[in-house]
Amino acid sequence: AVRDTAGEEGCSVYLVGGFVRDLLLSVPTQDLDFVVEGSGGQFAQALMRRMPDGKLTQHFKFGTAQISFPDGSHLDIASTRWEHYSFPGALPQVEESCLRDDLFRRDFTINSMAICLNTERYGELVDYYGGKQDLQQRKIRFLHNLSFIDDPTRMLRAIRFKERYQFDFAKETLDALHTAIETGVLSKLSVERFTEEILLIFKEANYLAMGQILVKSGLFKAWFGEELAWNFDLDNAEESLDWSLNMRWLISVSQMESAGIEQLLERVSLNKSLRDDTIAYLNLRESLMKPLTLGEMDRLLNKSPKEVVMALARDERFKKQITGCLEAAQRINMSLDGKALIEMGVKQGPEIGEILDWVRTAWLEGKISSSEEEQGIARQ
Ligand code: ATP
């Protein structure tokens, strides 16, 4: 459909960026990014006529369009020439730039290649900046010296791609990365963009190795203003493949003091789920420092998110306590509930909750082990 639409519209269309990189590396890829030399808006609209189940969203300000499909997949279309409408009905302002410039604005050589999709040049690789050679030589190389200054998120992207593909940095790129860290370029970066990039790292299979570089290179210190005790233990590499994002995050902060975690929360803009879990983690950890009865411990674990409990159960200081309590809780086979207590003559009110807690604690402590004993203890 893309090829036919390009023919009809008389424009050149290319697949670009990560798709081309991953195709040449023969690794699976998800996103399809197109660049149109010509009017991207017109192209996207024409393409829509061949894709009846697609939904078109155009962002005129950024010169991009997205066609999304009911199965959740989408195509991104950018344009080297785009009409800007300053108000409805105004004549379009047209900005022109060619593919070469578009590719030069990208982050690394391996991400700056394009594949032409027009019939007469179908499958032709456009590689102005030596991306293919860098892929072969396994190098992460910027396109120009000011790259990290122009956009400091590229520093984090560089580390992500390096470790994802197990590449090396080209010498000048590594030097520029260190210089950028030292000269405080990160201060130009917003908390939101920094967090976004960090979380992309935490989603990578190899995030522990990436985290180690973030610490060792001083990038984290430069951003947070001081050294925090991050935990990116490579011994967890295999297990961590099954951990959710929240679990990975909680484990990574597990060696920090509470004050450090609180400071961290001020320097990142986490989504609600991550933020709430981090606060629940801090609270539960504080509570576990104090002596607790089995019943108190069970109540605390029950009201904390599962991942928070799992993360703290990996902490040597609390491992025995938590696993002991969880094992005891597994033995509970409670049949008594509020309704049964009312039938036994207990008045509706707080007493019901107290009795249920009491019976549960008796189960936990191994004082009862059957429903007859349960009834007996409840009657007391
Ligand atoms: P991933 O496999 O992680 O999705 P990707 O290369 O597809 O990798 P995207 O973030 O989707 O990553 O970006 C698509 C393309 O846009 C990149 O390949 C690169 O060419 C360009 N790009 C993305 N972010 C930047 C940036 N900060 N600076 C310059 N170019 C960028």
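For ligands, and for the atoms within them, numbers begin at 1 and follow the listed sequence. As a basis for the values below, the full set of heavy atoms in this structure was taken, side chains included, without hydrogen atoms, waters or symmetry mates.
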| field | Residue pair Met155 / Glu197, side-chain heavy-atom distance below 4.5 Å | value | no
| request: Hey, can you tell me if Phe232 and Phe202 have their rings parallel, tilted or perpendicular (30° and 60° cut-offs)? | output: tilted
| Considering only heavy atoms, which of Asp22, Asn111, Asp102 lies nearest to atom 20 (O) of ligand 1? | Asn111
| task | Over 60° means perpendicular and under 30° means parallel, so classify the ring planes of Tyr165 and Phe167, tilted if in between. | result | tilted
| task | Identify the protein heavy atom lying closest to atom 4 (O) of ligand 1, giving its residue, its atom name and the separation to 0.1 Å. | result | Asp31 OD2, 3.7 Å
| field | Residue, atom name and distance, where the atom is the protein heavy atom closest to atom 28 (N) of ligand 1 | value | Arg154 NE, 2.8 Å
| query | Parallel, tilted or perpendicular: which fits the ring planes of Trp223 and Phe194, with parallel below 30° and perpendicular above 60°? | reply | parallel
| Nearest protein heavy atom to atom 9 (P) of ligand 1, by residue and atom, and its distance? | Arg157 NH2, 3.9 Å
| task | Could you say whether the N/O atoms of Gly18 and ligand 1 ever approach to under 3.5 Å? | result | yes
| request: Provide the number and element of each atom of ligand 1 under 4.0 Å from a heavy atom of Arg105. | output: 29 (C), 30 (N)
| remark: Atoms of ligand 1 under 4.0 Å from any heavy atom of Phe161, numbered from 1 in the order shown, are 6 (O), 8 (O)
| field | Cation-pi geometry met for Arg3 and Tyr122 (6.0 Å, 45°) | value | yes
| query | Looking only at heavy atoms of Phe108, does any of them come nearer than 4.0 Å to an atom of ligand 1? | reply | no
| query | For Gln166, does the CD atom sit with more than 12 other heavy atoms under 6.0 Å from it, leaving out its own atoms? | reply | yes
| task | Using side chain to side chain contact (heavy atoms under 4.5 Å, CB included) as the criterion, point out the one residue from Pro305, Ser254, Ser258 that pairs with Tyr281. | result | Ser254
| task | Please report the C-alpha distance between Asn246 and Ser244 in whole Å, then the side-chain angles of each, then the deciding distance to 0.1 Å, and finally whether the side-chain hydrogen bond (donor to acceptor under 3.5 Å, both in side chains) criterion is met. | result | CA-CA 5 Å; Asn246 288 26; Ser244 64; 5.3 Å; no
| Numbering as shown, the atoms of ligand 1 that approach Thr153 to under 4.0 Å (heavy-atom distance) | 27 (N)
| query | Less than 3.5 Å between some nitrogen or oxygen of Arg160 and one of ligand 1, yes or no? | reply | yes
| field | Side-chain ion pair, Asp168 and Arg138, N-O less than 4.0 Å | value | no
| query | Are Tyr128 and Phe104 an aromatic pair by the rule of ring centers under 6.0 Å? | reply | no
| message | Test of understanding: given a 4.0 Å heavy-atom threshold, classify the contact between Arg164 and ligand 1 as side chain, backbone, both, or neither. | response | side chain
| said: Between ligand 1 and Asp107, is the shortest N or O to N or O distance under 3.5 Å? | reply: yes
| note | Taking only non-hydrogen atoms of Asp33 and a 4.0 Å limit, the atoms of ligand 1 in range are 14 (C)
| said: Could you tell me, atom by atom, which parts of ligand 1 come under 4.0 Å of a heavy atom of Asp151? | reply: 26 (C), 27 (N), 28 (N)
| request: Decide whether an N or O pair under 3.5 Å exists between Arg106 and ligand 1. | output: yes
| task | Tell me, with the steps shown, if Arg299 and Glu296 meet salt bridge (Lys or Arg N to Asp or Glu O under 4.0 Å). | result | CA-CA 5 Å; Arg299 275 191 287 282; Glu296 287 169 333; 5.6 Å; no
| Can you list the atoms of ligand 1 that are under 4.0 Å from a heavy atom of Gly17? | 18 (O)
| field | Nearest non-hydrogen protein atom, atom 6 (O) of ligand 1 | value | Arg21 NH1, 2.8 Å
